[in-house]
2 protein chains.
Amino acid sequence: MREYMAMNTPTPLDLGRLRHSCAHCSLQQLCLPAGIDAAALQQLERIVRRSRPVQRGERLYRVGTPLGAVFVASSGAFKTVGLNESGEETLLGFHLPGELIGLDGLGEGAHRCEAEALVDAQVCEVPLDQLSAVAMQLPSLHRQLLRVIGQGVDRDHDHTSLLVRRQASERIALFMQGLGQRYAQIGQDGHRFRLPMSREDIARYLGLALETVSRGLGRLQDDGVIAVHGRQIQILDPDELARLAQGEEDCEPARQRRRG
Amino acid sequence: MREYMAMNTPTPLDLGRLRHSCAHCSLQQLCLPAGIDAAALQQLERIVRRSRPVQRGERLYRVGTPLGAVFVASSGAFKTVGLNESGEETLLGFHLPGELIGLDGLGEGAHRCEAEALVDAQVCEVPLDQLSAVAMQLPSLHRQLLRVIGQGVDRDHDHTSLLVRRQASERIALFMQGLGQRYAQIGQDGHRFRLPMSREDIARYLGLALETVSRGLGRLQDDGVIAVHGRQIQILDPDELARLAQGEEDCEPARQRRRG
DNA sequence: CGGGAGCTTGATATGACTCAACTAGCGTGG
DNA sequence: CCACGCTAGTTGAGTCATATCAAGCTCCCG
């Protein structure tokens, strides 16, 4: 958060944030409140624990933690990491503001993965039993709950179709493109953003070696598709990025390689 | 249901099947009815369209089909295949009896993938609006609905941790092991089963070339871990399979390769 | 200024893909 | 009943992309 503050919100504390409610949240249209009526919103607000700060590296829950609540970041970013029997970690997903965290564990009643803040963040916490109870009273909230669950499933499926791609360059292009789209969806600049995760996280998310990710990004930069400065990313040529993401390997005749 | 019966199962009709209900279904404990009380079960039965036969190759829904119902096979097997913009297909999952099909599309209200029967099958269909309506009356069913949704998410995550494995042999071993476990869960023999899917389907599910799958299975057979006769599989050495699945590459000193 | 994590870059080895031929199994039709 | 053709699966040879190992670099942060 230090970084963010320095970069984006000069004064250390935005008082408005303290008064934040679902009704005033910029993410309202993306989050549980989307599409529910005023009465339902009030009910929902009553049970939501709002905007708790979470430090980088802090975990919302661990493997085995009984499922008690779902979370939504209002700022920052999270990763969810699965641990299998043999102790290996699998990077299951990244979660930007507005995207529900903690649906795993719905199956067994306890979390099968861990949710860790990639940068300092703010999270809203929604106790699941209360959410269920309210959802059973309010059809619109019930629908919306199923909708955000479905969106999580969709993101998992997107991840899967990333992972089955053969070419590393394809996975990387698709990842950057998808991230840009997700930033755009939450009202941030989809062409210029800061990666909240390390190269290693990206590599594990994409099923690649971290060196391959590094090289892939370098290549995209050399080709003039994106600009990379550490974690700062700028998408220079979205169309070309989309082309590469769809497996159409360059062969670009007119475009020169290496410092385009 | 009458129509279905009349249409598709001409003479060799098992009368017992006509009486089939959730209460008598062998999959009861794995399916939506699991853990709900008798009253809830009755309510649920009222809305479930039971045991429609589905032919191999037939699809339950296609991309873009408005989400209207979820499905559970009572016999047979399905695959779900996602189609992305560029027309490429991604094999998102296999569904054995008792495993919910059709949760994708919850996010957008329309299916993003297609569910196709791998072999002739029987499916129960649960209209989603009615299911929602009943779930809102019955806490136990509501809980159970979230639980089966969560199990679907868990399976997707298992798939993901398969895909990030580096070694093809590891993915293949893990796949066979997982399939065996799933068969065991539904009361079938987990050590001896028939694959409902082709090598190509397996390959696409695992993010490998089909030849690699074929070789991998051959290798497992040569090592005496499994026996393969076409799609008929027998797991001979579950412990060794588990070892291989966890990445502990053989180096087996005593065990001889090629026709063990 | 020093330390260290995070990242880049280089050289090399190898595992998996690709292309290709071949086989097994199965249903069809002569 | 066998020949045929088709689909699914196996097996082989060669190439290439990516993992791996190993330096070196850069940027923070103390």
**Student:** Could you check how far CZ of A/R204 sits from P of D/dA19, rounded to whole Å?
**Tutor:**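 Between P of D/dA19 and CZ of A/R204: 15 Å.
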**Student:** What is the separation between atom CZ on A/R219 and atom P on D/dT18, rounded to the nearest whole Å?
**Tutor:**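 Distance, rounded to whole Å: 10 Å.
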**Student:** Please report, rounded to the nearest Å, how far the P atom of D/dG9 is from the CD1 atom of B/I233.
**Tutor:**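 To the nearest whole Å, that distance equals 11 Å.
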**Student:** Dump the pairs, protein N or O against N or O of nucleotides 12-18 of chain C, anything under 3.5 Å, distances to one decimal.
**Tutor:**
unit_1	atom_1	unit_2	atom_2	d
C/dA16	OP1	B/A168	N	2.5
C/dC17	OP1	B/A209	N	3.4
C/dC17	OP2	B/A209	N	3.1
C/dC17	OP2	B/T212	OG1	2.2
C/dT18	OP2	A/R166	NH1	3.4
C/dT18	O4	B/R215	NH2	3.0

**Student:** Taking the six-membered ring for Trp, is the centroid-to-centroid distance between B/F78 and B/F94 below 6.0 Å?
**Tutor:**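 No, too far apart.
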**Student:** Please report, rounded to the nearest Å, how far the C1' atom of C/dG25 is from the CD atom of B/Q232.
**Tutor:**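 So the CD-C1' distance, B/Q232 to C/dG25, works out to 15 Å.
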**Student:** Judged by modelled atom types alone, do B/D104 and A/H157 share a side-chain donor-acceptor pair under 3.5 Å?
**Tutor:**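 Not at all, the side chains of B/D104 and A/H157 share no donor-acceptor pair under 3.5 Å.
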**Student:** As a quick check of understanding, evaluate salt bridge (Lys or Arg N to Asp or Glu O under 4.0 Å) for B/K79 and B/E114, giving each step before the final call.
**Tutor:** CA-CA 8 Å; B/K79 65 176 174 184; B/E114 315 201 331; over 6 Å; no
**Student:** What distance do A/L206 atom CG and A/L91 atom CG have between them, rounded to the nearest 0.5 Å?
**Tutor:**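 The CG atom of A/L91 is 9.5 Å from CG of A/L206, to the nearest 0.5 Å.
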**Student:** To the nearest Å, give me how far apart CZ (A/R199) and P (C/dG6) are.
**Tutor:**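 Result: 12 Å.
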**Student:** How many whole angstroms separate atom CZ of B/R165 from atom P of D/dA19?
**Tutor:**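 Spelled out: CZ on B/R165 to P on D/dA19 is 16 Å.
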**Student:** I'd like to know whether CD of B/Q55 has more than 12 heavy-atom contacts from other residues, nucleotides or ligands below 6.0 angstrom.
**Tutor:**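 Atom CD in B/Q55 is not packed in, count stays at 12 or less.
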**Student:** Bend angle of the helix from C/dC1-D/dG30 to C/dG30-D/dC1 from five-pair axes at both ends, rounded to 10°?
**Tutor:**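 Its terminal axes enclose an angle near 30°.
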**Student:** Working to the nearest 0.5 angstrom, can you tell me the gap between A/I233 CD1 and A/R194 CZ?
**Tutor:**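 Those atoms lie 10.0 Å apart.
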**Student:** Would you indicate what A/S198 reaches in the nucleic acid, counting non-hydrogen atoms under 4.0 angstrom: base, sugar-phosphate, or nothing?
**Tutor:**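 Sugar-phosphate, backbone atoms only, no base.
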**Student:** To the closest 0.5 Å, what do you measure between NE2 (A/H111) and OH (A/Y61)?
**Tutor:**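 Going from NE2 on A/H111 over to OH on A/Y61, the span is 5.0 Å.
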**Student:** Less than 4.0 angstrom between a side-chain N/O of B/R231 and OP1 or OP2 of D/dG9, yes or no?
**Tutor:**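 Yes, such a contact exists.
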**Student:** Quick one: list whatever passes salt bridge (charged side-chain N to carboxylate O under 4.0 Å, His left out) with B/R171, sequence neighbours left out.
**Tutor:**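 Not a single residue meets the salt bridge (charged side-chain N to carboxylate O under 4.0 Å, His left out) criterion with B/R171.
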**Student:** Round to a whole Å and report the spacing from CD of A/E200 to C1' of D/dA19.
**Tutor:**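 That distance rounds to 15 Å.
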**Student:** Measure from CG on A/D222 to C1' on C/dT8 and round the result to the nearest Å.
**Tutor:**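 Atom-to-atom, A/D222 to C/dT8, this comes out as 12 Å.
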**Student:** Tell me whether B/R56 at atom CZ has more than 12 heavy atoms from other residues, nucleotides or ligands lying less than 6.0 Å away.
**Tutor:**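 Open.
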